[in-house]
Every structure is written in C-alpha cells, then in structure tokens.
*Asks:* 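Take this structure first; my questions come after.
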Amino acid sequence: MVRIIPVASSIKPSLSSLRFSNVACFSSPNRRLTPVYLGSAVPQLQSFGLRSCKFFKRADTVPAVSAAGNAAQASTASTKENTLGWVKKDKRRMLHVVYRVGDLDRTIKFYTECLGMKLLRKRDVTDERYTNAFLGYGPEDSHFVIELTYNYGVDKYDIGTGFGHFGIAIEDVTKAVELIKAKGGKVTREPGPVKGGKTVIAFIEDPDGYKFELLERGPSPEPLCQVMLRVGDLDRSIEFHEKAFGMELLRKRDNPEFKYTIAMMGYGPEDKNAVLELTYNYGVTKYDKGNAYAQIAIGTDDVYKTAEAIELAGGKITREPGPLPGIGTKITACLDPDGWKTVFVDNLDFLKELE
C-alpha cells in the first residue's frame with residue numbers, strides 16, 4: 001500500500017510554556033500557542049518608577065502566575081488523558097506486514113505452493129521502479145496479510161538480528177513440513193513439541209531467509225498469526241504498545257533456562273487475531289535491523305489523533321499525518337522506542353483502496 005523507502009524523521013517540540021511580560025503562552029496538543037493573560041500589572045508598576053523584575057519577585061504576585069501555570073498543566077494532563085483514553089476505543093486492526101524480497105515471482109510461488117497462501121493482488125509502480133504483491137489466507141478487509149516489495153534490480157537484503165519470524169497456524173505441521181521439503185524448502189527445526197510445552201511447532205525459511213514458525217492449531221480465522229520482533233527493554237516496549245498503539249498484553253512468559261522473555265501484544269485473543277510477539281533476550285539491549293524487514297500497518301479511525309498519542313507515549317513520528325500524494329489515503333508513520341517502524345492507515349481510506 002505504501003512504498004517502503006526511508007522517510008526523513010520529524011521531531012516535534014515537547015509541551016512547554018513560553019512567557020513574555022504579562023502574557024503566558026502554553027503549547028496545546030494541536031501545537032498552537034494559547035495565550036493566557038496575566039493582567040496589566042507590569043506597565044502600572046513601571047509608571048510608578050518600579051522595575052518590572054521586582055514585580056515577578058514579589059510574593060503577592062506569585063499566586064496569579066502559579067495559578068495560570070497550574071491551570072495549563074491541568075489542561076495538558078486532561079488532554080493527554082483524553083487522547084490516550086481514545087486510543088483504547090479506536091477501531092484498530094493489524095492490516096499487513098511489509099518486507100522486501102529479491103525475486104518476487106520466486107517468493108510468490110513458495111508462499112502459494114508451500115504455505116497455502118493466495119495472491120490477493122499485485123501492483124507495479126514503474127515510474128518509481130518497484131512492485132508490490134499482497135498474499136494471505138483471506139480478503140484484506142478482514143485478514144492480516146503480507147505485502148511483499150520488490151525494488152527493481154535489488155536481489156538481496158540484510159535481514160539483521162532484530163527481526164525474528166512470522167507465525168502461521170497450521171492444522172498438521174508434520175504434513176506441511178513434508179510438503180515444504182518436497183518443494184525444496186529449507187526446514188531449520190523439525191516438527192515437535194515446543195520446549196517447555198506441548199504445542200507442536202516447526203521452523204522453516206523462505207527463499208530470502210525469512211523465518212516462519214509453523215504452529216499446530218485447530219482451524220483458525222487468522223492463519224497468519226504472528227510477527228516476532230526483538231526488543232531491548234521489554235517492560236518499556238509493553239508500556240509503549242499499550243499506550244500508543246492501544247494493544248493489550250495478552251500474555252507474558254519468562255524462560256530463564258534459555259534466558260529470554262516473550263510478551264504477546266494484540267487487539268484480541270491469539271487464536272482469533274494476528275499478534276505481535278516481542279522477545280527480550282537477557283542482557284541484549286540493541287539489535288541490527290538490517291534493510292529487509294520494513295513495517296507493520298495498523299488501521300485507525302483517525303491518523304491525527306493517533307500521531308498525538310504516539311508522541312505523548314514517547315514515540316517518534318517519521319511521517320506527519322495526512323493524505324498520500326496521488327492516492328489520498330491518510331496515514332502516519334512512527335518509530336517505537338526500539339526503532340521498529342509502524343504505519344497507521346485510515347480505516348475508511350483503506351477500504352476505498354480495496355474497491
């Protein structure tokens with residue numbers, strides 16, 4: 001939907017107050033300065049031969065200034081609370097995950113023949129020299145799907161150490177692995193129970209080296225069920241995704257034997273929705289993200305409020321909210337505290353794109 005190219009970051013000023021003589025200007029969440037007048041005491045004192053600096057030092061003037069400051073702080077706190085509260089009510093859903101591949105036809109063939117996905121649509125943008133292909137297990141208006149990007153002439157990318165894997169729910173993992181082997185696919189972990197549990201899993205790699213975890217489950221409405229990313233501070237990441245993204249912490253599991261902790265975040269139960277799996281490896285605070293994996297796209301009813309909430313939660317806006325040139329779809333993009341990119345897309349505009 002969106003070409004995944006580097007976008008210049010935009011750092012906005014933090015909420016602050018500016019004071020000029022008898023006027024205090026407080027920055028509001030919509031970034032306009034709101035004047036709060038403190039009266040005309042300064043010029044009156046100056047007419048009696050007193051310097052204005054003494055006015056600000058007098059004890060009897062402090063309450064007026066303090067009251068104005070407290071009112072502004074209360075207003076800012078209330079606005080922040082309202083904005084972050086709105087996030088929880090917003091109609092959000094994980095739409096697609098975007099990443100780059102070196103041979104689009106080869107990847108499409110592997111995903112359709114080995115993983116049972118369907119090619120939903122394909123879009124070639126010749127003037128900008130890239131092609132997108134959308135694949136998944138159901139329509140884009142109701143399923144989490146993959147958006148592959150092929151940039152003309154680029155046949156290889158660096159996946160890095162930060163990206164983990166995608167998860168696919170499959171009824172019979174052993175049978176799926178046999179098919180993948182027959183098609184020449186690479187199996188990196190044979191089918192078997194997960195360590196410390198009973199769920200049967202297997203790991204495979206696609207032609208570009210992206211890892212897929214196959215999880216044995218019953219019929220699922222959302223077979224493409226996970227995106228796993230590694231983070232340097234799990235508690236910080238959980239708090240950010242709850243506040244800024246409106247996600248729910250579905251479960252958290254510590255595995256001290258293998259020195260890692262995972263947290264499942266999402267917009268509904270794991271067995272019915274795609275989720276984000278955050279992994280913290282003991283003592284590792286930073287990862288190489290490479291240039292292969294790009295972003296997750298999430299639907300929202302208001303990209304402008306979403307951008308405000310992201311900033312309030314400590315995220316960094318990399319694309320100001322607004323319509324895309326030539327398309328009209330409203331989006332905003334951001335980085336989380338670990339530098340992972342997410343794009344929020346207007347829900348109604350997204351549905352129009354699919355018409």
Side-chain angles (χ1 to χ4, degrees), residues 1-7 9 94-104 106-108 110-111 115 117 130-136 140 144-168 185-186 188 203-214 224-234 237 240-241 244-245 247 260 262-266 274-281 284-298 310 315-316 318-319 331-345:
M1 188 203 74
V2 181
R3 188 188 179 194
I4 45 177
I5 57 176
V7 180
S9 63
M94 290 171 61
L95 303 177
H96 47 254
V97 60
V98 189
Y99 53 100
R100 303 169 180 92
V101 296
D103 185 328
L104 193 59
R106 177 186 65 183
T107 304
I108 291 172
F110 181 83
Y111 287 7
L115 301 180
M117 294 185 188
Y130 74 92
T131 305
N132 291 136
F134 295 79
L135 296 100
E140 291 179 64
F144 183 56
V145 306
I146 286 171
E147 178 182 342
L148 301 175
T149 295
Y150 168 70
N151 291 297
Y152 293 6
V154 184
D155 61 6
K156 192 174 183 180
Y157 294 95
D158 176 20
I159 294 178
T161 59
F163 171 78
H165 62 259
F166 304 110
I168 297 180
K186 182 178 180 181
T188 59
F203 273 92
I204 66 164
E205 285 186 10
D206 76 358
D208 288 274
Y210 291 102
K211 291 182 174 60
F212 284 79
E213 180 182 14
L214 309 182
L224 182 60
C225 59
Q226 291 179 4
V227 177
M228 191 276 261
L229 302 174
R230 298 182 176 93
V231 297
D233 185 327
L234 189 59
S237 191
F240 176 82
H241 283 83
F245 289 7
M247 289 184 174
Y260 73 88
I262 65 168
M264 297 294 189
M265 310 286 298
V275 300
L276 179 61
E277 179 181 346
L278 303 175
T279 297
Y280 168 69
N281 292 298
V284 184
T285 59
K286 194 173 183 180
Y287 294 94
D288 172 22
K289 294 180 178 59
N291 62 357
Y293 172 85
Q295 67 218 21
I296 290 175
I298 298 174
I310 289 167
K316 179 180 179 181
T318 57
R319 200 229 185 250
I331 72 164
T332 190
C334 71
L335 298 179
D336 73 6
D338 287 276
W340 293 113
K341 183 180 178 183
T342 301
V343 173
F344 285 84
V345 185

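We count residues from 1, following the sequence as given.
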*Asks:* Could you check whether any side-chain heavy atom of Y111 comes within less than 4.5 Å of a side-chain heavy atom of F212, counting everything from C-beta outward?
*Replies:*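 Yes. Closest side-chain heavy atoms under 4.5 Å.
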*Asks:* What closest approach, in Å, do T318 and C334 show between heavy atoms, and which atom pair accounts for it?
*Replies:*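 Looking at all heavy atoms of both residues, the shortest contact is OG1-N, 3.7 Å.
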*Asks:* Thinking salt bridges, do D338 and R230 make one under a 4.0 Å N-O criterion?
*Replies:* no
*Asks:* Please walk me through it: do D206 and T107 pass side chain to side chain donor-acceptor pair (under 3.5 Å)?
*Replies:* CA-CA 7 Å; D206 76 358; T107 304; 5.4 Å; no
*Asks:* Which value, rounded to the nearest 0.5 Å, describes the distance between L276 atom CG and M228 atom CE?
*Replies:* 10.5 Å
*Asks:* Within the side chain of T131, is there an N or O that forms a donor-acceptor pair under 3.5 Å with the backbone of Y150?
*Replies:* no
*Asks:* Return the NZ to CZ distance between K186 and F110, rounded to the nearest 0.5 Å.
*Replies:*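 Answer for the NZ-CZ pair, K186 versus F110, is 11.5 Å.
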*Asks:* So, for F245 and F344, is the gap between ring centers shorter than 6.0 Å?
*Replies:* yes
*Asks:* Exactly one of E205, K211, E213 should register a side chain to side chain donor-acceptor pair (under 3.5 Å) with H165. Which one does?
*Replies:* E213
*Asks:* Using side-chain heavy atoms (C-beta onward) and a distance below 4.5 Å, is D158 in contact with D288?
*Replies:* yes
*Asks:* Is there side-chain contact between D208 and R106, with at least one heavy-atom pair below 4.5 Å?
*Replies:* yes
*Asks:* Check whether any side-chain heavy atom of T342 lies under 4.5 Å from a side-chain heavy atom of I310, and answer yes or no.
*Replies:*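 No. Closest side-chain heavy atoms not under 4.5 Å.
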*Asks:* Nearest 0.5 Å, what's the CZ-CG distance between R100 and L148?
*Replies:* 12.0 Å
*Asks:* Nearest 0.5 angstrom please: K289 NZ to L229 CG, how far?
*Replies:*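 K289 atom NZ to L229 atom CG measures 9.0 Å (nearest 0.5 Å).
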*Asks:* Ring centres under 6.0 Å, that's the criterion: do Y99 and F166 meet it?
*Replies:*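 When the ring centroids of Y99 and F166 are compared, they turn out to be within the sub-6.0 Å range.
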